[in-house]
Amino acid sequence: MLESIFRELILEHYRKPRNKGALENPTVTVSMRNPMCGDEIDLMLTIDGDRIEAVGFTGQGCSISQASVSMMTQGVIGRSIDAALDLEKRFVALMRDDEGASEDRKLGDLRALQGVAKLPVRIKCALLGWNALDEAIKAHQKSPTGAMGEKLEFEDLTELPAGFDPATHKDDLP
Amino acid sequence: MLESIFRELILEHYRKPRNKGALENPTVTVSMRNPMCGDEIDLMLTIDGDRIEAVGFTGQGCSISQASVSMMTQGVIGRSIDAALDLEKRFVALMRDDEGASEDRKLGDLRALQGVAKLPVRIKCALLGWNALDEAIKAHQKSPTGAMGEKLEFEDLTELPAGFDPATHKDDLP
Amino acid sequence: MSAPKTASQADSLPAELTESPLDIDAIRAEFPILDQQVHGHRLVYLDSAASAQRPAVVIRTIADYYTKDHANVHRGAHELSVRATRRYEDARGKVARFLGAGRADEVVFTRSTTESINLVSMTWGIANLGPGDVVVVSEMEHHSNLVPWQIVCERTGAEIQAIRVTDDQRLDLDHLDALLGSGDVRLVATGHVSNAIGTIHPVDEIARRAHEAGALYLIDGAQAAPQLPIDVRAIDCDFYTFSGHKACGPTGIGALWARRELLDAMPPYQGGGEMIEEVRIERSTYAAVPHKFEAGTPNIAGAIGFGAAVDFLQALDPETIHAHEKRIARLVLERLADEFKAITLYGPAPDVARAGVVSFTLADIHPHDLATILDHEGVAIRAGHHCCQPLMRRLGVAATARASFYLYNAEDDLEALVRGLHRAQELFRV
Amino acid sequence: MSAPKTASQADSLPAELTESPLDIDAIRAEFPILDQQVHGHRLVYLDSAASAQRPAVVIRTIADYYTKDHANVHRGAHELSVRATRRYEDARGKVARFLGAGRADEVVFTRSTTESINLVSMTWGIANLGPGDVVVVSEMEHHSNLVPWQIVCERTGAEIQAIRVTDDQRLDLDHLDALLGSGDVRLVATGHVSNAIGTIHPVDEIARRAHEAGALYLIDGAQAAPQLPIDVRAIDCDFYTFSGHKACGPTGIGALWARRELLDAMPPYQGGGEMIEEVRIERSTYAAVPHKFEAGTPNIAGAIGFGAAVDFLQALDPETIHAHEKRIARLVLERLADEFKAITLYGPAPDVARAGVVSFTLADIHPHDLATILDHEGVAIRAGHHCCQPLMRRLGVAATARASFYLYNAEDDLEALVRGLHRAQELFRV
Ligand SMILES: Cc1ncc(COP(=O)(O)O)c(C=O)c1O
Ligand SMILES: Cc1ncc(COP(=O)(O)O)c(C=O)c1O
Ligand code: FES
Ligand code: FES
C-alpha cells in the first residue's frame, strides 16, 4: 500500500519538481492553502488567449502535493485551457477512484498518484495544485488581463475538513 | 417521613405566621433570598442595646421557611442577642442532625422542624430566617444605630447549591 | 387561568385520544434510567422540559466512541483521528438534516441553547446593533433568550423590547406589529415552545412579520426541537438553536443553525485552536465556517452522541412524537381540572397548539412543597420560576409546579401524578 | 537543534531509567481503546498531547450517570436532580483538590482550556485592559493562549507582547524582565508545558516576577495538569486552566481556576439560565461564583467524568506520572538521536525539565508523509504546526512530526516508532 503511494516517480518529482520557481510576468497568480496542514503553493500562469504559455510555482508541501503540481505543470504547459480543464477532470476522477480512471492513458505519469485515492485524508494534497489551476483559469476567464500582477488567495474548502467522503458531506443535504 | 415534615404545627404557622408584617421603625432590616427557589424574606428587628425588642417579617416562601421564621420570631423577641445566637446554634445543630439536638428542650416548638434534617435539599428553607437573623445581628454589632432604615440585601450562599453535605462542600478543601 | 371547563371520561374520549401513537412500553424499555424505584415507588419522570433522559443507544454510542475511535479531530493524519473526525462531521450532517437545513456547514456545535444564543448576541449582535436599534424578545422567554440580549444591548446602546403575553397566554402578535412598526427592530428573538407553560408560538407567522419589517428572526428551539418536526427553511427563520440534553442527547452539546451568508459575515466568537487560518503574535486570520465558531477541541463525544439522539428521534418520527405530546397534554389538562377543585392550570387551553408541559398551582401549597411530596411518591416534577421570571410576574405568581410529559410518559404517569397531588392535599388538609 | 549528543544503551542506563515507576501493563489494561489493531499492527498511540485516551472507569462513570442519576442540576426538588447536583458539585471539589485549590467555588467548569482562557479575556480582560496596557504572552504559546488576547487587545486598545524563545528553546526570562520593566504589563499569560516541544516552564519564577511588576499571571496548563503535580497556591498564580480530554477525561469539559476575589470582581461571561439572581426584561442581577460563569445547562456528565479522570490520575499519583514522563522523554530522545543520523529533534535537551512530547523532522521527509507512513505501521503521531505557528516560525520550520508519550506508553511503543521511521527512510530512500 505505502509502496504504491511513495513511488520512485513521486519522490523524484518531490525532490526535483519541474517548473518550480516564479514566472517573470504571469498573467495570473493564485495562492492556494491546504487547511489540513497549512501548506501553501503559489501557482503562476501566463495565458495567451486560449493557450497556457507558461506555468511556474513556489511554496512547499508534502511529496504528494509537490509531485502532483510538478506533474500537472508538465501536463498543461503549451496546451489549451480546455485541454487543461479536461486533464483536471480526469485527475479528479482518478482521485475519486472512478471506474476506468486508472487506465486513462491521457493522464500519463499522473497515474503514479492513483494510490492516493485510497488515502482519503491525503487527497487534498494531490488536488492542491489542481484547485489552484482551476481558480487561475476561472480568474483568467473572468478578466483575461485584469488579474495580471495581483495575487489571488484561496483556501481549499472544497469539502469539509480533510478526509471525508464527499458523498456524505455534500453541501446539499437531502 | 412526609408526615414528620408537614406536621400540624408547621402548617399552622405557615397559614398563620406569627409576627408577620413590617415593623414601624426597625433598627435593622435584612433581606435574604434563597437562591434554590428565589423566595425572599425581609426580616426587621428593633434592637435596644443588647435586647431584641421587636421582630417582624414580610415576604414569602414554602411552609418550612415560613413556619421556621415564624417560630424563630417567637423564640427571640424580648431575649438578649446572646440568647438569640444561642438559639440559632441549637437550631443549626437540629438541622445538622447533631446528636442530642432533637432532645434539646430549649428549642421548644422549633423541634417540630426536625424532620427537615432528613431532607437536605430543604434545609436552606428552614435556615432562611435564621441566616437573616444572623446577618441582622452582625450588622447591629458593627454599627448599633448606623444600619437603621437601610435594608441590607443578602443571598444565602452558606453552602454551594442547596442540597449538599456541608461535609463534602467545605470552603476549605483538604 | 385557562383551566379546561369540561371534564372528560375515558369512554367519552375522541378517537385520537384513546391510544398514544407511540409504543410507550417499547420506548420505555430503551431508557434504562426509568427502570428504578425512588423512595419506594416506580420512578415517574415528569421533568423532561428541564432535561430529558437518554436512550441506551446514545449512552452506548458515547462509550463505543471512546472505546474504539477517540482522538482529536481535524488535522489528524492517523486512523483514529480520521475516524473521530468522520464521526464528528457525520453528526453535524445528522443535526443539519434533523433541522431541515440545506447544508451541514450551517450547523455550529455549541455547548447548549444558551451558548448558541450568546454566540449570536456576541458576534452578530456586537457587529450589527447600535444606538437606536431595537431587539424584540417576549415576556415569555427563558432567561437564556433574554440575558444575552440585555448584555449586548447594554454594550451597544441598542434597546430591548418585549412582545406582551395575552390573557390566554399566547404571544400578542398585534403588539409585535406595533413594535415592528417603529422600523428600528433589527432582530426578533422568541422561543418556539414555552418551557414554562407549553404555548407553541406561530413561528412561521413571526418570521414573515419580522422579515417584512426588515428584521432577522432567531428562534430558541430548546423545547421545540425535541418534540416537533422542525424545518428551518420552511419556517424561514434566520437562526435556530437547541440543546442536546433536552432531545435525548448528551449534556454539554447544542447546535446553532444559521443561514450561511449570516455565518460568513459574523466575526468569530471564541479565539483559539481549530478556528484560525494563520496566527502571528499580533494578529490572526480565521478559518471558514463552521470551524470559525468552534475554537479549541470541541465536545467530540457529545456531538457524536447528539447525532445518535437525533437519529433516535427521527426514527420515531417527529410528527408522531408531536401527536403523542398533543394527546397527553390534553389528557393531563382535562384530568387535573376534573380531579382537583383547587388547582390552577397555566398555559393555553387543551384545544390550542400546546406541548406536554403543564404548569399549575394547587390551593395554597407552595410549589416546592408539592415537589417534595411528589418526589416521595416517586414523581419527579419541577417547581420554581422555570427561568422565566418575567412571565411569572405577568402571570402574577412567584412560582409554579411543572409536570412535563415526554415520549416515555403515558397515562400511568398521569395517574401517579394525580395520586401524588391527592397525597399533598391530604397532608396540607386542603 | 538540541539533539542529545551521547547515545546510551540499555546496559549503560542510570538506575532510574531501567524501569518505569508505573505499571504500564496494568495501566494499558484499563484503556480499552489501546487493545486494537490499526492497519494490521498493534495500535501505538503517540498523540496524547492532542487528546489522551480514557480509562474504562471514566467511560463507565458517564454511562452510570446517564443510567441512574441524570437530571438537570440545581433548583431541582426531586431525587434525581439532587443526585445529579451532588455528583456535579462533587466533581468540582475533586478538580479543585487536584489543582491544590483552597476552595471548590474557585473552580469554574468550561468546555476546555480554550474556553477557560476566552472566559478570562472576555471578562477580566474587557474590564481591566485599556490603551497603554500590555498583555505578555510568549512565542511558544498555543494559539488558544494567543488569539483570545489578540481579540481583547484589539477591543480594548491594549498591546500584546511576546516573551522570546532562547536558542535552547526555553522562555527567555531576561526578556520577560525587560518587558515587565515598562510597568505597563497587566497580565502575563504563558503555558506550563509546551505542547509542541515539551519545554516545562518555571512557572513559580514567572509568577514571582509578574507579581513584583504588579501583573497577574495566567497559566495555560493544558499539557501540564495531565502529567505534573499541580498546586496553584504553591505556584502562586492567579488563573490556571486545563482541559478534561487531555487528562483522561471526557471531551467538552475543562476548568478555570482563579482566586476567589478575582472571580467575584469579574463581570459574567455568557448570559442565561442558572447564572442569574433576578431577571427583569431590561436588566438582571447575577448569581454568585462559580455559577455566575456557568450559564445554561452545563456539561453535567462531562464534569462527572472529569472528576473520575482526576481521581484516576490522583490514584496513580502525579509525582509518579511525572517521573515516568521524564524517564520516557529521555529514552525517546536518546534512542532517536542514536538511531537516526538525519533526525532533527526539537525542544530542550533530555537532562533539562521536559515532558514526554518529542517533536522532530527526519531528513527531507515532510511530517505529514511521516505521519501517513507511521499510521500504516499502527503508530499514531501528529504532524503540523501543533497550533503553534509563531513557535514554528521561530524554529524556522513549517511543521514538525510530534510523538507524545503518556502514561500508557513504554519502550515497546518507542521501538514501534523507531521501526516506523526506518520504514519511512526506506520508502524515501534516505
Ligand atoms: C425555552 C428554553 N430556552 C433555553 C433553555 C436553555 O437551555 P440550556 O440550559 O440547554 O442552554 C431552556 C432550558 O431550560 C429552555 O427551556
Ligand atoms: C498548551 C495547550 N494550550 C491549549 C490547548 C487547547 O486545549 P483545548 O483544545 O482543549 O481547548 C492545547 C491543546 O492542544 C494545548 O496543548
Ligand atoms: S501535507 Fe500539506 S500539502 Fe500534503
Ligand atoms: S422553597 Fe423557597 S424558601 Fe422553601
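Note on naming: letters A, B, ... go to the chains in the order of the sequence lines (proteins, then strands), and numbering restarts at 1 for each one.
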At a heavy-atom separation under 4.5 Å, does [X] approach chain D through its side chain, its backbone, both, or neither?
X: Ser112(C); result: side chain
X: Tyr45(C); result: side chain
X: Ala52(C); result: backbone
X: Asn72(C); result: both
X: Ala71(C); result: both
X: His385(C); result: side chain

Residue selection (most heavy-atom pairs with chain D, distance under 4.5 Å) from [options]:
options: Ala371(C), Gly244(C), Ser284(C); answer: Ser284(C)
options: His245(C), Lys68(C), Gln53(C), Glu115(C); answer: Glu115(C)
options: His70(C), His142(C), Glu79(C); answer: His70(C)
options: Cys387(C), Ala50(C), Pro32(C), Gly302(C); answer: Ala50(C)
options: Gln150(C), Gln389(C), His368(C), Glu282(C); answer: Gln150(C)

Measure distances from [X] to the heavy atoms of chain C and classify the residue's part below 4.5 Å as side chain, backbone, both or neither.
X: Asp69(D); answer: backbone
X: Pro250(D); answer: both
X: Ser138(D); answer: backbone
X: Ile300(D); answer: both
X: Arg54(D); answer: side chain
X: Thr297(D); answer: both
X: Ala84(D); answer: neither
X: Glu154(D); answer: neither
X: Thr110(D); answer: backbone
X: Val279(D); answer: both
X: His39(D); answer: side chain
X: Gln36(D); answer: side chain

[atom1] of [X] to [atom2] of [Y]: how many Å apart, nearest 0.5 Å?
X: Ile160(C); Y: Glu141(C); atom1: CD1; atom2: CD; value: 9.5 Å
X: Thr114(C); Y: Leu119(C); atom1: OG1; atom2: CG; value: 12.5 Å
X: Leu370(C); Y: Arg382(C); atom1: CG; atom2: CZ; value: 15.0 Å
X: Ile253(C); Y: Asn299(D); atom1: CD1; atom2: CG; value: 8.5 Å

Do the two ring centres, one from [X] and one from [Y], sit under 6.0 Å apart?
X: Tyr269(C); Y: Tyr286(C); value: no
X: Phe293(C); Y: Phe109(C); value: no
X: Phe306(D); Y: Phe242(D); value: yes

(request) Please report the shortest heavy-atom distance between Val165(D) and Arg394(D), naming the atom on each side. (result)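 Of all heavy-atom pairs spanning Val165(D) and Arg394(D), the closest is O-NH2, 2.7 Å.
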(request) Taking heavy atoms only and a threshold strictly under 4.5 Å, list by residue number the residues of residues 55-63 of chain D that touch chain C; give 'none' if the list is empty. (result)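 Ile59(D), Ile62(D), Ala63(D) fall under the 4.5 Å cut-off.
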